[in-house]
Protein chains: 2
Amino acid sequence: MSGDHLGEPDPKIAPVHLTAAYELVVEQIRRAIDLGLFLPGQKLPPERDLAEQMSVSRSTIREAVRVLVADGILSVRRGASGGLIVNNVHTRDPEELRVYAKRKRVELNDIFDFRIVVEQATASFAAQRRGDDNLAVMRTALAAMEEAIAASSAEDDDPDPIAAFNAADTSFHMEIARASKNPHLLKSVEAIRRAMFLPVGGVFIKLRKDANAMHEPLYNAIADRDAARAAEIMAEHVQATRRAMMEFLDGKR
Amino acid sequence: MSGDHLGEPDPKIAPVHLTAAYELVVEQIRRAIDLGLFLPGQKLPPERDLAEQMSVSRSTIREAVRVLVADGILSVRRGASGGLIVNNVHTRDPEELRVYAKRKRVELNDIFDFRIVVEQATASFAAQRRGDDNLAVMRTALAAMEEAIAASSAEDDDPDPIAAFNAADTSFHMEIARASKNPHLLKSVEAIRRAMFLPVGGVFIKLRKDANAMHEPLYNAIADRDAARAAEIMAEHVQATRRAMMEFLDGKR
DNA sequence: TCCCATTGGACTGATACGTATACCTTTAAG
DNA sequence: CTTAAAGGTATACGTATCAGTCCAATGGGA
C-alpha cells in the first residue's frame, strides 16, 4: 500500500505569505493614485523623499517604481524637473481595463452588501447615542463637502477638491460610526472606507454630488434622535452610491 | 522665519510596516486557537510539520513559539510524545470567571449589538447562496455539538466537552458566514468569535443547550433557502444567547 | 530493561533582501 | 554654460530567513 504518512486530517493551518517591502510600497502608491491624491500628469515626490516618507530605502522605492512602470501606471523622466509621472488612464490597454473593471465589480458588490448592513445599523445606533460633539464634527464635514463641490465646479483641475471631498465624506461617515459608540461598527466602517476606494478611485466627484444631497437629511435625523429615519436614509444613501458606482464602472462617465 | 525646507504640504504617503515572518506565524496560530481549531490540552503539529504547512523554516516557527509561550498560550514539552501544547485558559473557578466577565459586560454588549446586525445579514445571504458543501460542514458541526452536550451531561468535569462545543459552535457559525459568500461578513463573524472566546470561555455549556435548540431550525431554513426565516431565527438565536449570557453575569446560576 | 523513534533544542553556513552611501548621467533653468 | 535637481548605477554591510545537521530528552515497545 505504499503507506506513507497519509492521514493529515485537515489543514487547519495555511501557508503564510510574506509581503516584500517593495510590494507594500507598490500598494501604497497605487492607492494614493487611486484616491486621487496624485492626478494624471502630476509628479510624485522624488525617490529620495518617498524613501524618507515611507521609512524605506531608496532601492526599495525604485523596485516598486519598476513594477508601477511595468503596469503602465507611472512614467519616468530623467534630468532636472524630471520625476515620476502619473500616467493617463487611457494609456492603458482597453481590454485589460475592462477585465479589471469587471473584477472590481465583484469586489464592490461584496463591499456594498456589507456596507448596507453595517452603516444602516450604525446610523440607527448613532441616532440613539450621538452627543453634541458628534454633531459638531458632522457639521464641519458637511461644510467641507459643500466647499469641495463648489471648488470643483470651477474649471479648476486641482486634485485638492477631489481629495478634500473624499476626506470630508469619510470624516462624515466615520463620525456617525463614532457616534454609534460601538467599536466594532467603527472598525467596520473604517474597513469599508479603505476597501471602497481601492477598486474605484477618486475619479468621479460629480457622481457623488447627488449622493451628497442625502447627507443633510441624514444629519437631521441623527440630530433629532430619530433612529428609524436615520437608518432608512442611510440605506437609501448607500444604495444611491452603489448605483452611481456601478454606472461609473459600466462606462457611463 | 528660520526657513528651512518647511513646506511639505501633507503626508499623502505614510510609512510602510514590514511584517516579519514569525509575526505572521504567531498571528496564524493564535487565530487557529481562538477559533477552537486546537483545543486546550491538545497538541499542535510538530514544529517540522508546521514549518512545511506554513511554507516557512523551522527556525521561524520556533521564534513564533517563543512568543506564544511567553504569552502563556502554549506550553512546550520535550521528548517523545512531547510537543506544543495549547494551554487551558479556563482552569479558573466559575466565580472568578464571573467577576472577570462582569468587567467585560460593556464589551459583551458591544459585541452582541454588532453580532445581531452582522449574523442576521449573514444568515440571510447564506440561505440564498449556500452550496451543498456548506450544508455538509454545518451538519458535521451540529453532530459535534450534540456529542459535546451528551459528553458533558455525564458527571465528567473535563474541559474538553465545553471547548469542543465552542469549537463546533464556532465552526457552525463560520460555515454560515462562508456560505454567505461575502468576505467581509466572514471576516466580521470570525472577529466576533475571536472576541467572544476569551470573555465567554466555556463557562456555561448548560445555558447554551437551549440556544443549541435553535441551531437545527436555522440549518433547515438555510437548507430550504428561506432567507427571511433564516434571518429571523438567527436574530432570535443571538438574542437568546445574549440573554443567557447576561443572566449568567447577573449571577443566576 | 534497554533500545529507539519522536520531538524539541542548538548550531552553522548560504542566500536573499533591505539599508546606507557614494558617485554618475541626464536635463531644464538661470 | 554653469548649476541644481532629478533619476541611474554600484558597492558594501547587516540581518532575517532558510536548509541542513547534530544533540538532548523522553516515553513506549521489543
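Letters go in sequence order (proteins before strands), and every chain restarts at 1.
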**Q** Nearest-Å distance, CG (A/L44) to P (D/dG7)?
**A** 9 Å
**Q** Please work out if A/S59 contacts a base, only the sugar-phosphate, or nothing of the nucleic acid, heavy-atom cut-off 4.0 Å.
**A** base
**Q** Among D/dG8, C/dG18, C/dG8, which nucleotide sits nearest the side chain of B/R78?
**A** C/dG8
**Q** Report the distance from atom CG of A/L18 to atom P of C/dA16, rounded to the nearest whole Å.
**A** 15 Å
**Q** Can you tell me whether the side chain of B/R62 and the base of C/dG8 have a donor-acceptor pair closer than 3.5 Å?
**A** no
**Q** Which nucleotide in the list C/dA28, D/dG27, D/dC22 gets nearest to the side chain of B/R48?
**A** D/dC22
**Q** Looking at C/dT19, C/dG8, D/dG7, which one has an atom nearest to any side-chain atom of A/S57?
**A** C/dT19
**Q** Could you tell me whether A/V65 contacts a base, only the sugar-phosphate backbone, or nothing, with contacts defined as non-hydrogen atoms closer than 4.0 Å?
**A** nothing
**Q** Take the protein atom CD of A/E47 and the nucleotide atom C1' of C/dT25, then report the distance between them rounded to whole Å.
**A** 14 Å
**Q** side-chain hydrogen bond (donor to acceptor under 3.5 Å, both in side chains) with A/D49: which residues, sequence neighbours excluded?
**A** none
**Q** Go through the N and O atoms of the side chain of A/R58 and the base of C/dG18, and report whether any donor-acceptor pair is under 3.5 Å.
**A** no
**Q** Whole-Å distance between D/dA19 P and B/I61 CD1?
**A** 12 Å
**Q** Out of curiosity, A/N109 CG to A/R115 CZ, how far, rounded to the nearest 0.5 Å?
**A** 13.5 Å
**Q** When only distance counts, do a donor and an acceptor, one from the side chain of A/R77 and one from the base of D/dG7, lie under 3.5 Å apart?
**A** no
**Q** Among D/dG8, D/dT17, C/dG8, which nucleotide sits nearest the side chain of A/V76?
**A** D/dG8
**Q** Between P on D/dA6 and CD on A/Q42, what's the gap in Å once rounded to a whole number?
**A** 15 Å
**Q** How many Å lie between CG on A/L50 and C1' on D/dA6, as a whole number?
**A** 12 Å
**Q** If you check every side-chain atom of B/A80, which of C/dA5, D/dG8, D/dA6 has the closest atom?
**A** C/dA5
**Q** NE2 of B/H184 to CD of A/E107: how many Å apart, nearest 0.5 Å?
**A** 8.0 Å
**Q** Looking at B/F125, does the NZ or CZ of B/K181 lie under 6.0 angstrom from its six-membered ring centre and within 45 degrees of the ring axis?
**A** no
**Q** A quick test of your reading: do over 12 heavy atoms of other residues, nucleotides or ligands sit less than 6.0 Å from CD of A/E52?
**A** no
